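Predicted model, so just to flag it, every value in this text is computed and none were measured. Reminder, nothing fancy here: chain letters follow the sequence lines and each chain counts from 1.
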There are 2 protein chains.
Amino acid sequence: MIAGQLSESTEMYLKAMAELGEGEVVSISRLAERLSVTSVSANEMVRRLSEQGLVSHLPYKGVNLTSKGRDVACNVVRRQRLWECFLYNHLKLEWAQLYELACSLEHATAPEVTDALAVFLGNPKTCPHGNPIPDADGCLPELNSNPLSTVPVGDTVRVVSVRATSTEVLRHLQKLSLLPGREVTLLEAAPMDGPLMLKVGDREAALGLLMAEFVFVEPIS
Amino acid sequence: MIAGQLSESTEMYLKAMAELGEGEVVSISRLAERLSVTSVSANEMVRRLSEQGLVSHLPYKGVNLTSKGRDVACNVVRRQRLWECFLYNHLKLEWAQLYELACSLEHATAPEVTDALAVFLGNPKTCPHGNPIPDADGCLPELNSNPLSTVPVGDTVRVVSVRATSTEVLRHLQKLSLLPGREVTLLEAAPMDGPLMLKVGDREAALGLLMAEFVFVEPIS
DNA sequence: TAAAATGTTATGGTTGACCTTATTATTCCT
DNA sequence: AGGAATAATAAGGTCAACCATAACATTTTA
């Protein structure tokens with residue numbers, strides 16, 4: 001814990017909210033699931049966070065970040081994604097592990113380090129998963145990309161970014177070549193929430209709907 | 001917390017022991033002082049550590065690292081000093097701040113990251129304060145250097161390393177040019193534990209005895 | 001509109017790492 | 001040898017962040 005004296009746990013909650021709903025309310029149960037805690041714990045923590053003015057909680061509706069909370073969250077995301085760039089581009093670490101490795105570092109990163117790291121890296125705009133890096137003050141820019149799970153059958157789109165966090169899921173997506181920049185055609189959506197059948201490059205791939213939520217794509221311009 | 005599932009606090013205790021006594025027993029009160037905790041707390045913690053087989057405590061004598069504890073400690077020191085190199089050589093951060101900045105990072109550094117960082121940096125042998133960096137498996141090599149406080153009046157010696165940790169003290173040493181590589185002549189030791197009068201380069205400097213404990217020197221060869 | 005699902009609060013418990021104050025044990029020094 | 005200094009232990013307390021179980025409130029949906 002270094003920046004702003006907020007606990008690691010606090011930073012994780014705020015980051016999770018930023019990652020889950022982009023500005024939208026997030027239900028406490030989604031939050032709890034993402035952070036692998038019980039919803040009772042998440043409720044407690046949300047109470048603490050709202051006492052600190054970092055989130056606002058509308059009972060039975062959900063939580064969202066206050067502007068103060070959003071600032072913190074953006075800063076956390078910035079630190080994480082900068083570390084991902086460093087770990088990938090300079091330390092040559094495994095693409096699928098970046099999120100987890102950078103996640104531990106982010107909470108231990110002083111503002112001086114963050115800023116110097118950004119300069120060292122040449123102020124990158126996105127992390128190796130294609131997600132935007134918020135700049136020093138402001139927040140992250142909105143991209144017009146949507147999850148692969150919302151694409152109509154027959155469309156061909158380009159992968160913009162991958163928002164999965166678990167190394168296992170990321171390894172799987174990598175194996176299917178679902179990487180930023182790739183073009184993907186949605187061949188078929190199997191019934192009963194079955195997998196999406198995709199054409200990625202010259203290969204076919206089957207992707208579960210849950211994983212398709214993590215793959216953000218844009219129309220090909 | 002990442003490497004080995006040991007808590008940050010555990011790592012700090014082990015590192016402090018490695019830094020204080022090089023293999024020797026350390027009194028719990030010295031440990032407590034270094035870590036800014038009460039000696040009651042340090043006693044508690046030492047009990048926990050010895051239950052885990054990381055230290056052995058001889059009541060009324062002191063504590064020392066077991067071989068298991070020493071391994072962990074070396075690894076922590078390695079991580080810290082590698083980060084110091086990175087922060088100094090690549091991020092151009094302030095020399096006096098390196099210890100503190102690297103200290104937060106060290107506990108959040110996975111083994112993969114440590115190893116890749118070492119490679120990236122070209123397996124440096126010392127940190128920017130002149131202290132040796134333990135290699136991946138073994139422990140740190142012993143240098144034949146002694147604190148400036150033990151040098152006889154009249155001698156000229158070379159600064160090998162600086163073991164202070166607080167940014168403030170490091171800034172002060174830097175201001176006096178007491179940096180690794182510098183030659184220093186001990187002009188006089190003032191009575192009543194007064195300061196040491198030094199010649200550093202072409203300037204004279206007065207250095208308190210407590211700070212002189214942190215400056216390690218070797219005879220000029 | 002009532003039952004099911006979801007969300008919230010209450011209660012009580014755990015763990016690690018701290019704290020204070022007080023007491024007891026040992027070592028050191030004269 | 002005896003008192004001072006130092007070290008250790010005991011007892012009780014705090015705080016953040018978790019947990020489980022159970023009760024209660026609201027929303028969704030059939």
Checklist entry - OP1, OP2 of D:dT6 versus side-chain N and O of B:Ser27: anything below 4.0 Å? => result no
Checklist outcome for this item: With sequence neighbours left out, the residues meeting ring pair (Phe, Tyr, Trp, His ring centres under 6.0 Å) with A:His90 are A:Phe86, A:Phe120, B:Phe120
Checklist outcome for this item: Rounded to whole Å, the CD-P distance (A:Glu11 to D:dA17) equals 11 Å
Checklist entry - How many Å lie between CD on A:Gln5 and C1' on D:dA16, as a whole number? => result 16 Å
Checklist entry - Can you name the salt bridge (Lys or Arg N to Asp or Glu O under 4.0 Å) partners of A:Glu106, sequence neighbours left out? => result A:Lys15
Checklist entry - Are A:Thr167 and A:Gln97 close enough that a side-chain donor and a side-chain acceptor fall under 3.5 Å? => result no
Checklist entry - Can you tell me how far P of C:dT8 sits from CZ of A:Arg30, to the nearest Å? => result 14 Å
Checklist entry - Tell me, which pairs form a disulfide (SG to SG under 2.5 Å) where one or both residues lie in residues 47-82 of chain B, sequence neighbours left out? => result B:Cys74-B:Cys139
Checklist entry - When the nearest nucleotide of DNA chain D is assigned to B:His57 and to A:Ser9 on a heavy-atom basis, which residue is associated with the more 5' position? => result B:His57
Next on the checklist: Using whole Å, what does the distance between atom C1' of nucleotide D:dC18 and atom CE of A:Met12 come to?
Outcome noted: 15 Å
Item to check | For atom CG of A:Asn43 and atom C1' of D:dT26, their distance in whole Å | outcome: 14 Å
Next on the checklist: Applying salt bridge (Lys or Arg N to Asp or Glu O under 4.0 Å), can you list everything that pairs with A:Glu188, at least two apart in sequence or on another chain?
Outcome noted: none
Checklist entry - Of the candidate nucleotides D:dA7, D:dA8, D:dA17, which contains the atom at the shortest distance from the side chain of B:Ser29? => result D:dA7
Item to check | Strand-adjacent residues in residues 47-56 of chain A, judged by heavy atoms under 4.0 Å from DNA chain C | outcome: none
Checklist entry - Just how far, in rounded Å, is C1' of C:dG16 from CE of B:Met45? => result 8 Å
Item to check | Length of the CG-C1' vector between A:Leu35 and D:dA17, whole Å | outcome: 12 Å
Checklist outcome for this item: A:Ile28 CD1 to C:dT8 P, in whole Å, measures 4 Å
Item to check | Distance-only donor-acceptor check, side chains B:Ser9 and B:Ser7, under 3.5 Å | outcome: no
Next on the checklist: Does the protein touch nucleotides 19-28 of chain C at the base, only the backbone, or not at all? Give it as B, S and - per nucleotide, heavy atoms under 4.0 Å.
Outcome noted: BBB---BSS-
Checklist entry - Side chain of B:Thr66, backbone of B:Gly53: donor and acceptor closer than 3.5 Å? => result yes
Checklist entry - If you measure from the Lys or Arg side-chain nitrogens to the Asp or Glu carboxylate oxygens, is any gap between B:Arg171 and B:Glu94 under 4.0 Å? => result yes
Checklist entry - Is it true that the side chains of B:Ser56 and B:Asn64 contain a donor and an acceptor less than 3.5 Å apart? => result yes
